[in-house]
Protein chains: 2
Amino acid sequence: MNRSAMAFLPVSEEEGLTLDELAYRRLSRALVTGAMLPGDRLSIRGVAAALGVSSMPARTALQRLAAEQAVDLLPSGTAVVPRLTRAGFAELSAIRAELEPLAVRLAAPHLTEADWTRLAALISAHDTARGAGEAEAIQAADRDFLFLIYRAAQAPLLLGLIETLWLRRGPLFGAIRGLSGALGGMRHRHGEILASLRERAGEPAAALLRSEIEEATRFIQSTLRFEDDDTAAERLAAIGQLNAHPLDREPTSLSHHRRRRSRGT
Amino acid sequence: MNRSAMAFLPVSEEEGLTLDELAYRRLSRALVTGAMLPGDRLSIRGVAAALGVSSMPARTALQRLAAEQAVDLLPSGTAVVPRLTRAGFAELSAIRAELEPLAVRLAAPHLTEADWTRLAALISAHDTARGAGEAEAIQAADRDFLFLIYRAAQAPLLLGLIETLWLRRGPLFGAIRGLSGALGGMRHRHGEILASLRERAGEPAAALLRSEIEEATRFIQSTLRFEDDDTAAERLAAIGQLNAHPLDREPTSLSHHRRRRSRGT
DNA sequence: ACAAGAGAAATGTGATCACACTATGAACCG
DNA sequence: CGGTTCATAGTGTGATCACATTTCTCTTGT
């Protein structure tokens, strides 16, 4: 595996955790922050060595990520950071556009005064980060803003699903990085959302978030080149050499349907 | 663990699978069909023995189910079939009401003539099962009807999420069983949905499914006694002995945040 | 120069074991 | 008889090993 991709390691409050948990959190963080690039292979022994743990916790963490669809599984069982195709990104965005507004709606009645000031602070953090051109800090502020709301929804199942979606979305931003200027075009509506939430107007706040997600999706789709745009396989297919694109095909369902290689009886 | 709960075992096409997969599938099936009751403990060695495999596959399968939130984890790490509280059920239903209609919308353009006839057959199967009063067959027919559509959406991520939700919902129906007559009051709208889909009218079909889910939810909420209704802890709290309900509290997020017990530093 | 094949390294699966912790029971003391 | 204590069985965590398969690399042949 790509060792250098592991070098982020924001060691924080990780003491007292199970090694399973520790491995999972570090891998998760690597995924959401975009430290892992699409296509990176994550082998058990590889992440074990990179994280300084034995294979057992690494194995557990990878299986958990696979179960959450945060990583894909090759037929051999090796985990690989998903390559988001154009269709895949559209699907991901459509799901987010349903679930995250729901969380906002549920959160509206539960937000406290303290939450509002914290949210306002995160908007300020976003603005200063944007002024300084620090892409990483911008994303962090936005993410914290939204997840503070999502947590307030007091809907653990929903929160887990949303976390899953962000895990899957992360690698895309790793691919974006360097395409720098791209992010400049994206505006958020967090100010308006906060204003609505202050008035306990959950429905309008949800609608605002939904349109924010849809706008961002359209922008990214029009700006970014996806993995399945104009690949070698596709060019060949256009010529007529191939009619199926085995490389581009999305794994069916959870891609957990692997057959076993013949072993003892 | 409850050994007898394992006795269903619809061994079918399970050859050639990884032992991990086999264990996972059997447990999944036990959950969705309602064979497992809320509160059942699933220990690693227990399911290993019940499934006739070693602990390793059992462990993997349980961790995977935990990652999908299909089971909860006690602080000790033991998996337990979730007890759906009233709030939890409301949350689950709200999520379903967002995601499943989305799947219908996405599926509409992809359904073929063959799908339509298969769907019509499943509606018939539902009706005859209802006539015979076979609750199990009714549920199976409904489930197959919906998932045939969901699969046609060609949205693997979405399909995985929906499967997760059904996994979580399963145990509730195990609890319902015996309350027999309860199901009699539930009507579905699959006929109307199919009619809409035949006309490629995805949006109306989605709206129909949404209201079907909402109706069923309201019905169940008004009919069923939930685990958190009138518990001992709640009665005590009413008296003023307790103000917090540690027993009823939902685990935060994925409940994966367990602290490690002190071991070698 | 390029493709095919053989060997070597790496990989996931699965089993088994040791360890610390938890819960459950019985025995014991008041 | 009731409450406490202690031993025992059971639990998840983690490590390590064997094995068949996959994947890479280097060589070889044309």
Side-chain angles (χ1 to χ4, degrees), chain A residues 1-3 14-27 39-67 71-81 247 251 255-265, chain B residues 1-3 14-25 27 39-67 71-81 247 251 254-265:
Chain A
M1 68 162 295
N2 194 345
R3 288 290 271 82
E14 290 179 339
E15 300 176 20
L17 288 175
T18 309
L19 289 185
D20 288 358
E21 261 293 312
L22 186 142
Y24 171 77
R25 291 199 187 188
R26 291 198 180 173
L27 285 176
D40 279 357
R41 277 174 155 74
L42 300 174
S43 78
I44 293 178
R45 291 168 174 86
V47 319
L51 264 48
V53 298
S54 85
S55 1
M56 213 40 232
R59 194 171 157 180
T60 303
L62 286 173
Q63 282 168 337
R64 185 164 152 196
L65 288 170
V71 300
D72 285 336
L73 258 32
L74 297 178
S76 67
T78 308
V80 50
V81 179
L247 294 176
S255 80
H256 281 303
H257 310 312
R258 181 156 51 99
R259 295 255 132 197
R260 185 206 212 189
R261 37 217 198 286
S262 68
R263 196 142 167 191
T265 160
Chain B
M1 68 163 293
N2 194 346
R3 287 289 270 83
E14 290 181 339
E15 298 176 22
L17 287 176
T18 307
L19 289 185
D20 289 358
E21 261 293 311
L22 186 142
Y24 171 77
R25 292 200 185 186
L27 285 176
D40 279 357
R41 277 175 157 73
L42 301 173
S43 76
I44 294 178
R45 291 168 175 87
V47 319
L51 264 50
V53 300
S54 84
S55 357
M56 209 46 228
R59 193 170 158 180
T60 303
L62 285 173
Q63 282 168 338
R64 185 164 153 196
L65 288 171
V71 299
D72 284 337
L73 254 35
L74 296 178
S76 69
T78 308
V80 51
V81 180
L247 294 177
L254 297 185
S255 81
H256 280 305
H257 309 314
R258 178 157 54 97
R259 295 254 133 197
R260 186 206 212 189
R261 38 212 195 287
S262 68
R263 200 148 167 181
T265 148

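Just so we're on the same page: letters track the sequence lines, and every chain starts at 1.
The shortest heavy-atom contact between B:Leu51 and B:Ala23 is CD2-CA, 3.5 Å.
Along DNA chain D, the nucleotide closest to A:Thr78 and the one closest to A:Met56 are compared, and the more 5′ of them pairs with A:Met56. Looking at which nucleotide of DNA chain C each of B:Arg45 and B:Val53 is closest to, the 5′-most match is held by B:Val53.
You'll find that the side chain of B:Ser54 is closest to C:dG14, out of C:dG14, C:dT11, D:dT22. Checking D:dG12, D:dT22, C:dA15 against the side-chain heavy atoms of A:Ser76 singles out D:dT22 as nearest. With distances taken from any side-chain atom of A:Leu19 to the nucleotides C:dT13, D:dG14, D:dT13, the minimum falls on D:dG14. The side chain of A:Arg41 lies closest to D:dC24, out of C:dG12, C:dG14, D:dC24.
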Start with the C-alpha gap between A:Leu65 and A:Tyr24, add the side-chain angles, then the distance that decides, and say whether side chain to side chain contact (heavy atoms under 4.5 Å, CB included) holds. CA-CA 8 Å; A:Leu65 288 170; A:Tyr24 171 77; 3.5 Å; yes
Can you check side chain to side chain contact (heavy atoms under 4.5 Å, CB included) on A:Gln63 and B:Asp20, steps first, answer last? CA-CA 11 Å; A:Gln63 282 168 337; B:Asp20 289 358; 4.0 Å; yes
Test side chain to side chain contact (heavy atoms under 4.5 Å, CB included) on A:Leu74 and A:Arg41; report intermediate values, then the result. CA-CA 9 Å; A:Leu74 297 178; A:Arg41 277 174 155 74; 3.4 Å; yes
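Rounded to whole Å, the distance from CG on A:Leu22 to P on D:dG14 is 10 Å. The CD1 atom of B:Ile44 sits 4 Å away from the P atom of D:dG12 (whole-angstrom rounding). Atom-to-atom, CG of A:Leu62 to P of C:dA10 comes out at 18 Å; the value is rounded to the nearest Å. Rounded to whole Å, atom C1' of D:dG12 lies 17 Å from atom CG of B:Asp72. Spacing between atom OH of A:Tyr24 and atom P of D:dT13 amounts to 15 Å, rounded to whole angstrom units. Taking atom CD of A:Gln63 as the reference point, atom P of C:dG12 lies 10 Å away to the nearest angstrom. Rounded to an integer number of Å, the gap from CG of B:Leu74 to C1' of C:dC21 is 14 Å. One atom, CG of B:Leu73, and another, C1' of D:dT13, lie 13 Å apart when rounded to the nearest Å.
Remark: the B:Arg59 side chain and the C:dG14 base include no donor-acceptor N/O pair separated by less than 3.5 Å.
Under 4.0 angstrom from either OP1 or OP2 of C:dT16 there lies no side-chain N or O belonging to B:Ser55. OP1 or OP2 of C:dT11 lies within a sub-4.0 Å distance of a side-chain N or O belonging to A:Ser43.
In terms of modelled atom types and a separation under 3.5 Å, the side chain of B:Thr18 and the main chain of B:Glu21 share no donor-acceptor contact.
B:Thr60 comes within 4.0 angstrom of nothing in the nucleic acid, heavy atoms only.
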